[in-house]
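Contents: one structure, followed by commentary.
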Amino acid sequence: MSRESALVSADWAEKNIAAPGVVFVEVDEDTTAYDGGHIAGAIKLDWRTDLQDPVRRDFVNKEQFEALLSSRGIGNDDTVVLYGGNNNWFAAYAYWYFKLYGHGDVKLLDGGRKKWELDARPLSKDAVERPATQYVAQEQDLSIRAFRDDVVKAIGVQNLVDVRSPDEYAGRLLAPAHLPQEQAQRAGHIPTAISVPWSKAANEDGTFKSDSELAELYAAAGIDDSKDTIAYCRIGERSSHTWFVLQEILGKANVKNYDGSWTEYGSLVGVPVALGDEPGKA
Amino acid sequence: MTAQTASTVAAGCAAPDQAAPLPLSVDLEKETVITGTVQAAGGDPVAGAYVRLLDRSGEFTAEVVTSPAGQFRFFAAPGTWQLRALSRFGNGDATVTADRGVNEVSLAVA
């Protein structure tokens, strides 16, 4: 993968809004952003209600994903262009999710909703209806998804990348600072994980930094390219952003996203936790 | 606390409605709330501005979009924080030294 195959610019998007075979998909947790104005023709996916099982903590299964995409009018051969708020956190999560279920051509809009708005590009409030399809998903590609046991085994062995803010990593905050801090899980990070906040990979307007800046960032942080890598955050959406950078832009091999992330790990009984600004020992 | 905490954990990371009153579950004895309004040069509130909270090292901690009345709100920790606003009307910065409870700050863009 490369920047050219995985990312499209706002200029490209604006020129291709009505292109046949291209489906724009806005992904937010709070769909009021979409309802207040979206890229013309874009459909919406709700991170929580569409992509998560309504009862237990896991994704919708293959059949549910097929039903979702079929009903929203996305076909297997469509080019899916994802964008969203929160600096594309949930759009990157959806990108990883589409890859998990084997969608062929999926791209992320560089800068997402923020750059689009700051550029004062047009937004539409028109309702969007697409004819239903017969979408067929693949089995989950578990080469890009890490589970808790993989993470525990990776301590001191693989590259573990904590992409939360430095204060969350150190244990001084328990959640991103736009959310209340009263949380159930313990504070801290997985021992030996290095801290590379997702935001270091992005410019202020939400676009990704250049390939050379990104390569330098992770090299300086100590990622060892001879080892497999697992990225995590709090619930797996910011780490999808970093997974996207490492595997889809920089083309690194064997990178997994741990979607359980800190809300799972920080609640496990008996696992090691490190506090403070240093990675800590295995 | 249990039911409230569970719902908070499940809520994910999307920015809550910035115009809504503080939820009753928020304990101001524990939370450090940094809130205020983004204003343009003439004093008009700026809706839809992107406000980010940076820690003492300048690293990103969170970002929200202002409400129709230009309001933003963060849940941080006691200490010194920087605020930075991006908008179609320009950008602006402010520094706040926050304590537990509600900390009001105004943020001008130009």
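Chain letters run A, B, ... following the sequence lines, proteins first, then strands; residues in each count from 1.
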Best-contacting candidate, Ile34(B), Asp55(B), Leu86(B), against chain A by heavy atom pairs under 4.5 angstrom: Leu86(B)

Any donor-acceptor N or O pair under 3.5 Å, side chains Glu59(B), Ser199(A): yes

Interatomic distance, Leu173(A) atom CG to Phe75(B) atom CZ [nearest 0.5 angstrom]: 12.5 Å

Contacting moiety of Leu53(B), where chain A heavy atoms sit under 4.5 Å: side chain

Exceeds 12 heavy-atom contacts within 6.0 angstrom, atom CZ of Phe89(B): no

More than 12 heavy atoms from other groups under 6.0 Å of CD on Glu278(A): no

Side chain to side chain, Arg113(A) and Val65(B), heavy atoms closer than 4.5 Å: no

Option that, when pairs with chain B are counted at under 4.5 Å, heavy atom only, ranks first among Glu168(A), Arg57(A), Arg172(A): Arg172(A)

Which atoms of Glu204(A) approach chain B - backbone, side chain, both or neither, heavy atom under 4.5 Å: both

Salt bridge Glu117(A)-Arg88(B), side-chain N to carboxylate O under 4.0 Å: no

Part of Leu118(A) lying under 4.5 Å from any heavy atom of chain B: both

Chain B contacts, top residue of Pro166(A), Gly236(A), Cys233(A) (heavy-atom pairs, under 4.5 Å): Pro166(A)

Structural part of Thr32(B) lying under 4.5 Å from a heavy atom of chain A: neither

